[in-house]
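In what follows, a single structure is set out as C-alpha cells and then discussed.
Nothing fancy with the numbering, it's 1 onward along the sequence. Any value given below was found using the heavy atoms of this structure, including those in side chains, with hydrogens, waters and symmetry copies removed.
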Amino acid sequence: MAASPAPGVLARMPDLVRAMPAERGGVLWKLTPEARQLDANVVRLAPGAQVASHVEPDLDVLLYVVNGRGTLVTEEDEEPQPLEGGCVVWLPHGARRGLEAGPHGLDYLTVHRRRPGMTIRHAPGAGGASERAGGEPACLLDRVCPECGRLAPEAPDVRFCGRCGTRLPER
C-alpha cells in the first residue's frame, strides 16, 4: 500500500501575492503533489482583466478572494456581484460564471475536486461510440495552457493564454 503524502504548509499567501508584480496576471501557485484528490490554484487577474463567461460542466469550484476587488458575472439577467478580499464564492457545476478584475487587480484561490484527464465530448445527438466509425479523438494538448490548464480557442492565431498570458505550445 502506497504511503499518503504528509500534511504540511505548502505556501504562504502573503509571499505568493508579493512575488508577482501587480500589473501582471497569471498563476501564482498550484497544488502539485501527484497523490492528491484536490486541485487548487492561486491566480492573479491583472487590473481590468477578466475570465470570460463560461460553464464548468463537471466540477463545483470554491473561490476565495485573497486580495483586490472585482466582480462575479453570472447569468445575463443577473447583476454582477462585487468581490473583495475575504469573499468566499461557490461556483456550482453547470452554472455560467465569469470574473472581472477591478482597477487594482484580483487575487484568488480556487479549490475543486481533481479534474480527470482531458476527454472529448460529443454534442447531444452527435452519436456515441456505437455510432462512430472508429479511430481516436483529436488531440487538443497543443491548445491547453501549460500554466493554468485553460483550453485556448480554435482560432489559428491564438499564441498566448487569455487567462494567464503564458505562451501556448507550438502547433
- Please lay out, stage by stage, how Asp60 and Trp90 fare under the test side-chain contact (heavy atoms from CB on, under 4.5 Å). CA-CA 7 Å; Asp60 288 3; Trp90 175 48; 3.4 Å; yes
- Query: Counting N and O atoms only, with roles assigned by atom type, does the side chain of Arg97 sit under 3.5 Å from a partner on the main chain of Pro92, one being a donor and the other an acceptor?
  - Reply: yes
- Task: Under the side-chain contact (heavy atoms from CB on, under 4.5 Å) rule, what do Leu45 and Val51 come out as? Steps first, then yes or no, please.
- Result: CA-CA 8 Å; Leu45 282 182; Val51 174; 3.9 Å; yes
- Query: Can any side-chain N or O of Arg36 pair as donor or acceptor with the backbone N or O of Leu38 at less than 3.5 Å?
  - Reply: yes
- Message: Let me confirm one number: the CD-CG distance from Glu78 to Leu72, rounded to the nearest 0.5 Å.
- Response: 9.0 Å
- Quick one: do Val66 and Trp29 end up in the same hydrophobic cluster if we chain Ile, Leu, Val, Met, Phe, Trp and Tyr together by side-chain heavy atoms under 4.5 Å apart? yes
- Going through the distances and angles, do Leu10 and Leu31 end up as a side-chain contact (heavy atoms from CB on, under 4.5 Å)? CA-CA 8 Å; Leu10 299 174; Leu31 188 60; 3.3 Å; yes
- Query: When hydrophobic residues are tied together by side-chain contacts of less than 4.5 Å, even through go-betweens, does Val65 share a cluster with Val43?
  - Reply: yes
- Can you tell me how far the CG atom of Leu109 sits from the CE atom of Met13, to the nearest 0.5 Å? 5.0 Å
- Task: Find the distance between OG1 (Thr71) and CD (Gln50) and round it off to the nearest 0.5 Å.
- Result: 8.5 Å
- Query: How close do Val88 and Tyr64 get, heavy atom to heavy atom, and via which atoms?
  - Reply: CG2-CD1, 3.7 Å
- Query: Which distance, rounded to the nearest 0.5 Å, do you find between the CG of Leu28 and the CG of Asp15?
  - Reply: 11.5 Å
- Note on the structure: To the nearest 0.5 Å, atom CG of Leu99 lies from atom CG of Leu63 at 6.0 Å
- Test: Glu75 and Arg96 ion pair at under 4.0 Å: no
- Message: Quick one about His93 and Asp58 (side-chain donor to acceptor, distance below 3.5 Å, no hydrogens or angles considered), yes or no?
- Response: no
- Message: Is the shortest side-chain heavy-atom distance between Arg44 and Leu106 below 4.5 Å?
- Response: no
- Query: Which atom pair, heavy atoms only, marks the closest approach of Ala101 to Ala46?
  - Reply: CB-O, 3.3 Å
- Message: Is the shortest side-chain heavy-atom distance between Val89 and Leu62 below 4.5 Å?
- Response: no
- Item | Stepwise side-chain contact (heavy atoms from CB on, under 4.5 Å) check, Leu91 with Glu56 | CA-CA 9 Å; Leu91 303 170; Glu56 166 52 63; over 6 Å; no
- Please confirm whether the backbone N or O of His112 pairs with a side-chain atom of Arg114, one donor and one acceptor, at under 3.5 Å? no
